[in-house]
2 protein chains.
Amino acid sequence: MTTIKDIAKEAGVSYTTVSNVIHGRTSRVSSQTIAQINEIIKRSGYAPNMSARSLVSNSSKVIGIINHLVPKASGGFIADPFHSAFIGAVEETLRENGYYLMLRTVEDSMDLLSFLRNWNIDGMFFTGLFEDEFFDTLSSVDVPIVLIDSYINHPNMQNVGLEDYKGGYLATKYLIENGHRNIAFASPPIRSHGVVEERLRGYRQALDEFHIPYQEQFLFQGEFDVQSDMLLSRQIAAHKEITAVFATADILAAGIIAGLHDIGLNVPNDISVVGFDDVTLCQLISPTLTTIHQDTVEKGKAAVEFMMNRLNNNRVEEHQKILPVHLIERKSVKRI
Amino acid sequence: MTTIKDIAKEAGVSYTTVSNVIHGRTSRVSSQTIAQINEIIKRSGYAPNMSARSLVSNSSKVIGIINHLVPKASGGFIADPFHSAFIGAVEETLRENGYYLMLRTVEDSMDLLSFLRNWNIDGMFFTGLFEDEFFDTLSSVDVPIVLIDSYINHPNMQNVGLEDYKGGYLATKYLIENGHRNIAFASPPIRSHGVVEERLRGYRQALDEFHIPYQEQFLFQGEFDVQSDMLLSRQIAAHKEITAVFATADILAAGIIAGLHDIGLNVPNDISVVGFDDVTLCQLISPTLTTIHQDTVEKGKAAVEFMMNRLNNNRVEEHQKILPVHLIERKSVKRI
DNA sequence: TTGTACGCGTTATCAC
DNA sequence: GTGATAACGCGTACAA
């Protein structure tokens, strides 16, 4: 492997000079040596040893995307299509900025702390963080943290999220305007400071505006797997008065639609459904899914931008970036 | 940050001793000191500095999952559900073995080489590699490489794949046995040494066995996006004699089904469809998709297992691990 | 059973 | 303009 020393030797200079050239501190190096060194660098395919840099500079150029494994569940991480698109966008933007991405699952605070120290991690992304014990650890760490889809506010962290409230509102309003009054709200378990809670607020706001009473029994909570969705569908269908469902994620919506089909109900003729996210899936199921659109790539970019600001300026201007959502009309809602 | 020195100082021993304890070379350390050192390690939350280790030991414990960005396309990487599930499985298994995962997109050979040197990467995973110029670079590198879903054989690399041939065979045979004779083969562009080529071989084998002539015009190639799928569907529908489609990926199958619906054709009544992969999607679309099942998590585990064997023993016994596939019968095929 | 000293590749400080 | 040299945290050969 070519090192700075090798280059210095070949050029007949000291390694300081080589290092200076590499870092653009060329003010006091003869243009001859600069040219020569650059030539050698190019020819030899020199690439800096990041471990050495990390050791001496206290910056590793490594950013972690952390997956907090709450129970000992498998896969979770990257399983849903939104997540993976997001990670792809993050990697790309990070790379453009000279950073590297590590994926890491941690089981508890200790795990996380070890990981940070192991690699001298420069920054972290967290998705869907809630206010649990784990969060306390996080807030005491002095590494830049960008939270995605979380409603926790903390001076050391920045948030990238969506207009969740508005999304919930738009979806519900759209259903109401199409004549629906008994609208189910389907979601994963609602946790405080989470996005679902906000979407629920939007749902209630829309009901309120149209003077439709909010009913607890129209709340249905499940997990993100086909089994659980089947169950949800049955529960929803059991309420004959329900004519529409707002599901807080497209995969959930798709699962519910499949479940309804399974028990002989037609969407949208018997029940209308609106989703959230606008993943590719929406255009593949039938009926195609009316949903709330979010721009995942933009989300990834925004997250990295925040990170870079923290990393470079160290001056924090904003703490929040809320990306817009809008409704995409497809075929899963019927006017009644 | 706690270092080995700090621990040594606190325990009143030299750092060699601490290092020895950490590495289990306890044979010649008093059990007292061992206990004491372990206690301090636990209490202080000591985590080794991997950069320092990497520098001195020539092993970084970092494995890369490489995304070779052929043109300057975006996202590609992780976009399809199979990929993300695979990455999740790899991360988990890697972690259990004390390794770390970096995700990295590279645009060309230089990029890759730099990345390897930057981090002293211990090993790499590649998905769907073909025999292009890029491959030559790869083969000259002395880092363990595990290829996923690739039919390139190279002494320095190992392969984890599927019974692609059998999968293609099973899917086609199933269609034939259900009375179909004019069966389209839909896939992304067929490249030599790729999985699609093998699945096509299986397709042809099944046709052969039933004395059905193979027809070039029944081959349809597209990309993995909804637009392209719509086009494909139209092309397929234009051949009135075609009664069934074997698509080499579920997302493609789903896209085609959506496209067929769009032009007023019903699946499976007008056209039957069989997919490949058995991703969650299959159960969400309607009709639910009959497909060839593969075990993605097992694939991830197998890949890591290969990697670990290379990394530890350095003795290479097998070069190939082929995971089984089988057909899952759902509702997208009609007996005619 | 424990300690000393060196080197890994890099950066930064200070001197020439 | 350029060059020595210490330091980052760790592993290891060798010495005691």
Side-chain angles (χ1 to χ4, degrees), chain A residues 1-38 40-41 44-62 98 100 114-122, chain B residues 1-38 40-41 44-62 98 100 114-122:
Chain A
M1 217 183 59
T2 321
T3 73
I4 255 184
K5 277 187 190 172
D6 300 330
I7 297 177
K9 202 183 296 171
E10 188 172 341
V13 297
S14 74
Y15 20 118
T16 312
T17 306
V18 178
S19 174
N20 281 333
V21 171
I22 289 175
H23 289 83
R25 285 188 282 269
T26 65
S27 54
R28 19 192 238 162
V29 183
S30 79
S31 56
Q32 253 203 50
T33 359
I34 296 180
Q36 190 194 5
I37 289 176
N38 278 328
I40 301 180
I41 287 179
S44 65
Y46 166 79
N49 183 318
M50 297 305 288
S51 296
R53 280 199 179 163
S54 171
L55 242 197
V56 68
S57 73
N58 262 321
S59 160
S60 61
K61 298 288 175 188
V62 176
Y100 298 83
S114 296
F115 177 61
L116 292 182
R117 291 202 262 260
N118 283 149
W119 292 103
N120 213 327
I121 296 294
D122 278 358
Chain B
M1 218 182 56
T2 321
T3 75
I4 251 182
K5 274 188 192 170
D6 300 331
I7 298 177
K9 201 183 296 171
E10 188 172 341
V13 298
S14 75
Y15 23 114
T16 312
T17 306
V18 177
S19 175
N20 281 333
V21 170
I22 289 175
H23 288 85
R25 284 187 283 272
T26 66
S27 54
R28 24 194 231 157
V29 183
S30 78
S31 55
Q32 252 202 50
T33 3
I34 295 181
Q36 191 193 5
I37 289 177
N38 279 328
I40 300 179
I41 288 180
S44 65
Y46 166 80
N49 183 319
M50 297 305 287
S51 297
R53 277 198 183 167
S54 170
L55 247 194
V56 68
S57 71
N58 262 320
S59 159
S60 62
K61 298 287 177 190
V62 176
Y100 298 82
S114 295
F115 178 60
L116 292 182
R117 291 202 263 260
N118 282 148
W119 291 102
N120 215 327
I121 296 294
D122 278 357

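Just so we're on the same page: letters track the sequence lines, and every chain starts at 1.
At a cut-off of 3.5 angstrom, counting only N and O atoms as typed in the model, there is a donor on one side and an acceptor on the other between the side-chain of B:T16 and the base of C:dT4.
Atom CD1 in A:I4 sits about 20 Å away from atom P in D:dA7, given to the nearest Å. Following rounding to the nearest Å, A:Q36 (CD) and D:dT2 (C1') show an atom-to-atom distance of 14 Å. For the pair B:N49 CG and D:dG9 P, the interatomic distance rounds to 7 Å; values are reported in whole Å. For the pair B:K5 NZ and C:dT4 P, the interatomic distance rounds to 12 Å; values are reported in whole Å. Distance NZ (A:K9) to P (D:dT2): 20 Å, rounded to an integer number of Å. Regarding A:I22, its CD1 atom lies at a distance of 14 Å from the C1' atom of C:dA12, rounded to whole Å. Look at CG on A:N120: it is 9 Å from P on D:dG9, rounded to the nearest Å. In this structure, CG of B:N20 is placed 10 Å from P of C:dT2, rounded to the nearest angstrom.
Looking at A:S57, its side chain does come within 3.5 Å of a backbone N or O of A:R53 through a donor-acceptor pair. Remark: side-chain polar atoms of B:S44 are paired, donor with acceptor, to backbone N or O of B:I40 under 3.5 angstrom. The main-chain N or O of A:T3 is found under 3.5 Å from a side-chain atom of A:D6 such that the two form a donor-acceptor pair.
The side-chain hydrogen bond (donor to acceptor under 3.5 Å, both in side chains) test applied to A:S19 returns no partner, not counting sequence neighbours. Taking A:T16 as the reference, nothing meets the side-chain hydrogen bond (donor to acceptor under 3.5 Å, both in side chains) condition, with sequence neighbours excluded. Among residues two or more places apart in sequence or in another chain, the side-chain hydrogen bond (donor to acceptor under 3.5 Å, both in side chains) test is passed with A:S59 by A:D122.
Among the heavy atoms of the strands lying under 4.0 Å from A:T17 are primed sugar atoms or P, OP1, OP2 only; no base atom is included.
Counting only heavy atoms from C-beta on, A:P48 has its side chain closest to C:dT10 among C:dT10, D:dG3, D:dC10. Distance from the side chain of A:T33 is smallest for D:dT2 among the nucleotides D:dT2, D:dG9, C:dT2.
A cation-pi arrangement, defined by a distance under 6.0 Å to the six-membered ring centre and an angle within 45 degrees of its axis, is present between B:K5 and B:Y15.
For residues 8-18 of chain A, the pairs satisfying salt bridge (Lys or Arg N to Asp or Glu O under 4.0 Å) are A:E10-A:R43, with sequence neighbours left out.
Under 4.0 angstrom from either OP1 or OP2 of C:dA12 there lies no side-chain N or O belonging to A:Y15. Listed pair A:S14 / D:dA4 fails the phosphate criterion, with no side-chain N or O lying under 4.0 Å from OP1 or OP2.
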Criterion side-chain hydrogen bond (donor to acceptor under 3.5 Å, both in side chains) on A:Y100 and B:N118, from CA distance to verdict: CA-CA 10 Å; A:Y100 298 83; B:N118 282 148; 2.9 Å; yes

Steps toward side-chain hydrogen bond (donor to acceptor under 3.5 Å, both in side chains) verdict (A:S54, B:S51): CA-CA 7 Å; A:S54 171; B:S51 297; 3.2 Å; yes

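Near DNA chain C, meaning a heavy atom under 4.0 Å from it, residues 50-62 of chain B has B:L55, B:V56 in order of number.
When each of B:G12 and A:Y46 is assigned the nucleotide of DNA chain C with its nearest heavy atom, B:G12 is the one assigned upstream, toward the 5' end.
Taking the screw axis at each terminus of the helix from C:dT1-D:dA16 to C:dC16-D:dG1 from five consecutive base pairs, the angle between the two is 40° to within rounding of 10 degrees.
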